[in-house]
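Single-structure report; data block below.
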2 protein chains.
Amino acid sequence: MVTIYDIAEKANVSAMTVSRVINNTGRISEKTRAKVKKVMEELNYVPNQMARSLVLQQTRSLFLLITDITNPFYTTLSRGAEDAATKNGYRLLFGNSDESLEKEADYINTILTTRVDGVMIAPAGDPSLPHLESLKRHNIPFVLLDREVPGVDCDIVLGDSKEGARQLVNHLAQQGHRRIAMVNGSDTISSARLRLEGYREALILNGLAYDKTIVFETSYGPRTDLSEMEAWLDSLNPLPTAVVAGNNVLAIEVIRLLRKRSLRIPDDISIVCFDDFGPYSEVDPFMTVAAQQAYQFGYLGMQMLIDRIQNKDEAGPWKKIVLPAELLIRRSVSTIK
Amino acid sequence: MVTIYDIAEKANVSAMTVSRVINNTGRISEKTRAKVKKVMEELNYVPNQMARSLVLQQTRSLFLLITDITNPFYTTLSRGAEDAATKNGYRLLFGNSDESLEKEADYINTILTTRVDGVMIAPAGDPSLPHLESLKRHNIPFVLLDREVPGVDCDIVLGDSKEGARQLVNHLAQQGHRRIAMVNGSDTISSARLRLEGYREALILNGLAYDKTIVFETSYGPRTDLSEMEAWLDSLNPLPTAVVAGNNVLAIEVIRLLRKRSLRIPDDISIVCFDDFGPYSEVDPFMTVAAQQAYQFGYLGMQMLIDRIQNKDEAGPWKKIVLPAELLIRRSVSTIK
DNA sequence: AAGTAAAATGTTACCGATAACTCTAATTTA
DNA sequence: TAAATTAGAGTTATCGGTAACATTTTACTT
């Protein structure tokens, strides 16, 4: 491995002079600068970021931890985050926790040991609290995405889950649906709680009763085994005329089960969900959704994070951005006379 | 920041003893070990990976560079890579080059300066050559994904692009299509060249002429401006009865343009493409595709990479894995009498 | 009880960079 | 022309760990 000492020796200067050329600091004569640069090229020199970070006590890199890399909500969010990070001269690294607290813990460990300058994180849920406390303890600035965690004060970007759920249910009610089921993410996740609340409130506002036997709670992430969900679905008698899914992944899984039973959508049963399907909705604009501004989640969150990092001393009040969801009416809901 | 020296002082031992406790190396009495561990907990000690990597000359982390984080082919591939990396005790970092040579160069720089142990990379194209040479020069093991780069010898995982394209065209021909257009990725990308070749060969085998005016070449990645593609589409007279898209992203963009013209699929025009849409095909199994084994790309590639890293000295011959594509017939192709 | 092997711990140097300070030669100023 | 700046370098210490070697304890032999 070529080091600044190798360069220094070959160029007949001190290592410090090489460092100055690399970083464009201090005073260097044009002649020496040229000489050093030439040697660097000749030897294919690449600075060692670890050595540098060790002394500088900063890495110029940020971390984005999402819970499902195959979910277009998060990949679109990632693009927003990436754009904002790059624009500000930061390197962005990604991690995927898979909605798992254990994987999240591993990534938190990576984050702490590699001393990144800041973190954007979609927490696995309320039990992520110790992970976030750990970040706090070690003074690593972070921004929460999409999910609040009780007991944690920080900058955060949220979607308006309650209002989004209300819109979905209102739409179904307006189309004449009276028996509306819900498949939702875990109760330990703030957005799931709010979506359930919105669902409930909208039911009542539309003169419908809330019936907890037609609400199924599970994980937001894709599961390998659908049998539990299947058992729940089979237990419903009569079948609901519509299902609200807590996110796009759940919607797909419900659809898979419905297809298995040869139930047609929307003829036999209607379905709506949170989050759009990225570009794939265009292939066939089928699902009626409450679309969230995924790109903005990432972009705005990243701006907040960088802001926080660069003004670490000032420590203004915590900021909270709430982005509204938009109801996109497509073909997955039937009208009931 | 708490260091091993802080621990050492408080526990009344030397820094080396602390290091030994952390790494479970050397001989330590149970009493000291317990004492040191207690102090580490009290002070919330987290090892500094940079300092460690600096002396160990290895990071235990790998890098995966993909070209489109919003493409389900790559996100599914990522999951495969992640699983294989985690299983082997490696940390995996992701980067997204967006099919851009410049962004790729930035990531290569990150890779070199951060001294990761190995890299899996879907190169932006043939012009990625210098980037890969750079990795070689600095002795960083890498595995290529999905795309060959002339002039580079290395381990690689490929899809059978030629055969996949043949299958798509054969299917169209069997359904009676005679005028089959193609929208393809850049000629600087090996998979695009092979897909074009497969398309061409299959045309001829089906007694159809190859007409280069109905082949449009562009980037695989999503573009913000569709006007060029639109102009090409408008120039086609008569309109082809079917379009083969070089990947899923291109298929979506073609569909967007066709919809804009109120052309119905498959009634007015049929479309097929390479790569499936991940779970989203389930929402509405619409598009007939040559599905690639995305997860396997990542998983097998990662295994090769780790193998190469762990047997760096042995240096066996370069390995090449070619994964077949599977034709999934759905509803986007009409039958012409 | 003295000698020795094994176990437990400590010392020193180094990984590759940069900050802070020092030094020398050239240039400016009075 | 001597004194004071200033430009252009170099020296040394340090970031937080670990390897290799050195040393001290402890346990075991005879």
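So you know, we letter chains A, B, ... as the sequences are listed, proteins then strands, and number each from 1. Everything numeric in this text was worked out from a predicted model, so none of it was measured.
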Under the ring-ring contact (aromatic ring centres under 6.0 Å, His included) test, which residues partner [X], sequence neighbours left out?
| X | answer |
| --- | --- |
| B/Y107 | B/F63 |
| B/F73 | B/F297 |
| B/F94 | none |

Protein-nucleotide distance ([X], atom [atom1]; [N], atom [atom2]), rounded to Å:
| X | N | atom1 | atom2 | result |
| --- | --- | --- | --- | --- |
| B/N48 | D/dG16 | CG | C1' | 6 Å |
| B/R115 | D/dG17 | CZ | P | 20 Å |
| A/K35 | D/dG8 | NZ | P | 14 Å |
| B/Q49 | D/dG16 | CD | P | 15 Å |
| B/R52 | D/dC15 | CZ | C1' | 16 Å |
| A/H138 | D/dG16 | NE2 | P | 13 Å |
| A/L54 | D/dG17 | CG | P | 9 Å |
| B/D6 | D/dC15 | CG | P | 10 Å |

Atom pairs and distances, donor-acceptor, side-chain atoms in residues 137-146 of chain A, under 3.5 Å, two or more places apart:
| from | atom 1 | to | atom 2 | distance (Å) |
| --- | --- | --- | --- | --- |
| A/R137 | NE | B/N44 | OD1 | 3.2 |
| A/H138 | ND1 | A/S134 | O | 3.0 |
| A/H138 | NE2 | B/N44 | O | 2.9 |

Sequence neighbours excluded, every pair satisfying salt bridge (charged side-chain N to carboxylate O under 4.0 Å, His left out) that has a member inside [range]:
| range | result |
| --- | --- |
| residues 38-53 of chain B | B/K10-B/E42, B/K38-B/E42 |
| residues 125-136 of chain B | B/D126-B/R193 |
| residues 64-81 of chain B | A/D98-B/R79, B/R79-B/E82, B/R79-B/D83 |
| residues 84-96 of chain B | none |

Taking only nitrogen or oxygen atoms into account, show me every contact under 3.5 Å that the protein makes with nucleotides 9-13 of chain D, one pair per line with its distance.
| from | atom 1 | to | atom 2 | distance (Å) |
| --- | --- | --- | --- | --- |
| D/dA9 | OP1 | A/T32 | OG1 | 2.9 |
| D/dA9 | OP2 | A/S29 | N | 2.6 |
| D/dA9 | OP2 | A/S29 | OG | 2.8 |
| D/dA9 | OP2 | A/T32 | OG1 | 2.5 |
| D/dG10 | OP1 | A/S14 | N | 3.3 |
| D/dG10 | OP2 | A/S14 | N | 2.6 |
| D/dG10 | OP2 | A/S14 | OG | 2.7 |
| D/dG10 | OP2 | A/T17 | OG1 | 2.5 |
| D/dG10 | N7 | A/R20 | NH1 | 3.3 |
| D/dG10 | O6 | A/R20 | NH2 | 2.3 |

Taking any atom under 4.0 angstrom from a heavy atom of chain B, which nucleotides of DNA chain C are the first and last to qualify, 5' to 3'? C/dA7 to C/dG16
Only one of B/T59, B/V116, B/L305, B/I309 passes side-chain contact (heavy atoms from CB on, under 4.5 Å) with B/Y90; say which it is. B/I309
Inter-residue atom distance B/S53.OG - B/R60.CZ, 0.5 Å rounding: 11.5 Å
Identify the two heavy atoms, one from [X] and one from [Y], that lie closest to each other, and give their separation to 0.1 Å.
| X | Y | answer |
| --- | --- | --- |
| B/Y5 | B/A15 | CE2-CB, 3.5 Å |
| A/L92 | A/A85 | CB-CB, 4.1 Å |
| A/R33 | A/I28 | N-CG2, 3.7 Å |
| B/L65 | B/N96 | CD1-N, 3.8 Å |

One would report the end-axis bend of the helix from C/dA1-D/dT30 to C/dA30-D/dT1, five pairs per end and rounded to 10 degrees, as 50°
By the 4.0 Å heavy-atom rule, please label B/I4 as base, sugar-phosphate, or nothing. base
Interface residues of residues 36-43 of chain B with DNA chain C (non-hydrogen, below 4.0 angstrom): none
